[in-house]
2 protein chains.
Amino acid sequence: MSLPTDIRKTREGSFGWMLQRLARRVEARLADRLQALDLNILQFAIMMTVLERPAQTQAAIGQGFDVPAYAISRALDGLEARGLVERRMAAASRRSFEVHVTAAGQALAPQLRAIVQEVNAGVTQSLTAAETDHLLELMARLLADTE
Amino acid sequence: MSLPTDIRKTREGSFGWMLQRLARRVEARLADRLQALDLNILQFAIMMTVLERPAQTQAAIGQGFDVPAYAISRALDGLEARGLVERRMAAASRRSFEVHVTAAGQALAPQLRAIVQEVNAGVTQSLTAAETDHLLELMARLLADTE
DNA sequence: TATTGTTATACTCTATAACTATA
DNA sequence: TATAGTTATAGAGTATAACAATA
């Protein structure tokens, strides 16, 4: 059973609002933790996606999280200068690069994963495991269904 | 009963990620709708909070959603120039202003509320009312409990 | 001495489009 | 002619701190 319409309307009205506030909070914590590693959030996102699936082209990475090509390009410049990733010529096409994680990048991976765990656990700590699972499921459906 | 630990860990790992993606999506839609009214998101947020509770000082508005004073100041410049709000000298202190919505601002309110409804409904359309309620409740608890 | 609000300034992020080289 | 990636440039957004007025 749902709440009365007018109350639901009011609460619905705050959905985007709550989402923004939660997202800002998570982002601030993440950025704070990444600062110690001298990584920004985009570089972190790229590291995570390339660790998960190596040899992606820059275009594929950009499409993975709606970031324009030029931003990927610059973020990679930083990561490559620090020796965490490297661009290799793609086998399929000489105008593409495959992005690979270096040994130094692999060495950093455990710290990156630990940060993910800690930030997520910190934000969801007041929910039970079952509640967190449900929340994740609902969010996953929203992401999958809407566009 | 919860999922096996390793799977939960992996899914937990994506909580912040899903949150970011959802928030970005909502923000993009909102910004898109607000463009027609020539309002940015901060100006919109200020309008909504002042409509809900008039006569707030700028400091109070800023604390309401973690926006620094200078940003409130500039956003109000724009809103005031367009005649949507006005700064009145506060009764309590001559160094504060109370922010009030003008008649023109009130006239805009229904459109603003309609945008909120539509954006939220659009994003949550794939959930039942009960599921949306639950999602809102879980998010509200996260916001309330964490800090 | 602390607070409210404004402003100047610099810095970062983002967006646009021009550019090279491939296909 | 279209694509992958880079780069230059401009614009928006954000942060820092200095400032005036008031408490």
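By convention in this document, chain letters (A, B, ...) are assigned in the order of the sequence lines, proteins followed by strands, and residues within each chain are numbered from 1.
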Taking side-chain contact (heavy atoms from CB on, under 4.5 Å) as the test, write out the residues that go with A:Ala31, two or more places apart. A:Ile41

Residues two or more places apart in sequence or in another chain: which of them pass salt bridge (Lys or Arg N to Asp or Glu O under 4.0 Å) with [X]?
| X | result |
| --- | --- |
| B:Glu86 | B:Arg88 |
| B:Asp77 | B:Arg87 |
| B:Glu131 | A:Arg141 |

Here the ring pair (Phe, Tyr, Trp, His ring centres under 6.0 Å) pairs for residues 77-115 of chain A, sequence neighbours left out, are none

Kindly state each residue pair satisfying ring pair (Phe, Tyr, Trp, His ring centres under 6.0 Å) with at least one member in residues 34-62 of chain B, sequence neighbours excluded. none

Any residue of residues 35-42 of chain B with a heavy atom less than 4.0 Å from an atom of DNA chain C: none

What parts of residues 45-60 of chain B reach DNA chain C, counting only heavy atoms under 4.0 Å away? B:Thr57, B:Gln58, B:Ala59

Can you give me the N/O atom pairs linking the protein to nucleotides 8-10 of chain C at distances under 3.5 Å, or say none if there are none?
from: C:dA8; atom 1: N7; to: B:Arg74; atom 2: NH2; distance (Å): 3.2
from: C:dA8; atom 1: N6; to: B:Arg74; atom 2: NH2; distance (Å): 3.4
from: C:dT9; atom 1: O4; to: B:Arg74; atom 2: NH2; distance (Å): 3.4

Shorter than 3.5 Å, N or O on both sides, protein versus nucleotides 19-22 of chain C: list them out with atom names.
from: C:dT22; atom 1: O2; to: A:Arg95; atom 2: NH1; distance (Å): 2.9

Looking at residues at least two apart in the chain, or sitting in another chain, which of them share a ring pair (Phe, Tyr, Trp, His ring centres under 6.0 Å) with A:Phe65? B:Trp17

With a 4.0 angstrom cut-off to heavy atoms of chain A, pull out the first and last contacting nucleotide of DNA chain D, in 5'-to-3' order. D:dA2 to D:dT9

